[in-house]
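Let me begin by presenting the structure, written as C-alpha cells, before commenting on it.
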Amino acid sequence: MTDVVFPVLDQTKPETEGVLATWFVADGDTVASGQLLGEVQVDKVDAEVTAPVAGTVRLLVSEDEAVVQGAPIARIE
C-alpha cells in the first residue's frame with residue numbers, strides 16, 4: 001500500500017492548505033505508475049499529481065476539499 005500525498009508547493013509555508021482541484025481517476029480505478037491522477041492548487045500555483053506505483057486507487061479526499069500540503073490524498077493498493 002502506497003500513499004499519494006498532496007505535494008508541498010509552498011516551501012516557505014508547508015503548513016498551508018491547498019485544494020484538490022480535480023481528480024482524473026475514480027475510486028477503485030486501476031492505475032499505472034506515472035499515470036496522472038489529479039490536479040492540486042495552493043494559492044495560485046497548480047500542480048499535477050501522478051501515481052508513484054501501479055495498482056488500485058482509493059481516493060481519500062474529494063474534489064474542492066481543502067488539504068494541508070504533505071497530507072495523504074489517495075492510497076494505491
Side-chain angles (χ1 to χ4, degrees):
M1 190 168 13
T2 302
D3 283 344
V4 179
V5 299
F6 194 107
V8 178
L9 302 177
D10 185 347
Q11 298 291 333
T12 62
K13 296 183 274 178
E15 71 284 353
T16 299
E17 286 187 343
V19 174
L20 191 296
T22 306
W23 281 118
F24 299 122
V25 296
D27 191 60
D29 282 358
T30 300
V31 297
S33 178
Q35 181 176 337
L36 182 60
L37 300 178
E39 186 175 78
V40 297
Q41 297 175 326
V42 173
D43 292 326
K44 295 186 183 194
V45 177
D46 296 349
E48 295 178 337
V49 177
T50 58
V53 296
T56 302
V57 68
R58 299 291 175 213
L59 303 180
L60 304 176
V61 175
S62 300
E63 286 186 358
D64 297 322
E65 187 173 336
V67 181
V68 174
Q69 297 177 99
I73 57 173
R75 184 165 289 136
I76 300 177
E77 302 170 342

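What you see is a predicted model, and the numbers here were worked out from it, not measured in a lab. Worth knowing before you read on, the calculation uses all heavy atoms, side chains too, and leaves out hydrogens, waters and symmetry mates.
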Say whether Val5 and Leu20 are linked into one hydrophobic cluster, either directly or through other cluster members, by side-chain heavy-atom distances under 4.5 angstrom.
-> no
Any idea which heavy atoms bring Val49 and Pro7 closest together, and the distance?
-> CG2-CD, 3.9 Å
When hydrophobic residues are tied together by side-chain contacts of less than 4.5 Å, even through go-betweens, does Phe24 share a cluster with Ile76?
-> no
Rounded to the nearest 0.5 Å, how far does CD of Gln41 lie from CG of Asp64?
-> 9.0 Å
Indicate if Val61 and Val25 have the same hydrophobic cluster label, given that clusters are the connected sets of ILVMFWY residues with side-chain heavy-atom separations under 4.5 angstrom.
-> yes
Between Val57 and Ala74, the two heavy atoms sitting closest are CG2-CB, 4.1 Å
Could I get the full list of side-chain hydrogen bond (donor to acceptor under 3.5 Å, both in side chains) partners for Glu63, not counting sequence neighbours?
-> none
Val53 and Phe6: same hydrophobic cluster, using ILVMFWY side-chain contacts below 4.5 Å?
-> yes
What residues form a salt bridge (charged side-chain N to carboxylate O under 4.0 Å, His left out) with Asp3, not counting sequence neighbours?
-> Arg75
Side-chain atoms of residues 28-40: list all donor-acceptor pairs with protein atoms under 3.5 Å, sequence neighbours left out, distances to 0.1 Å.
unit_1 : atom_1 : unit_2 : atom_2 : d
Asp29  : OD2    : Ala26  : N      : 2.8
Ser33  : OG     : Pro52  : O      : 3.4
Gln35  : OE1    : Ala32  : N      : 3.0

Pairing residues for Asp27 by the side-chain hydrogen bond (donor to acceptor under 3.5 Å, both in side chains) criterion, not counting sequence neighbours = none
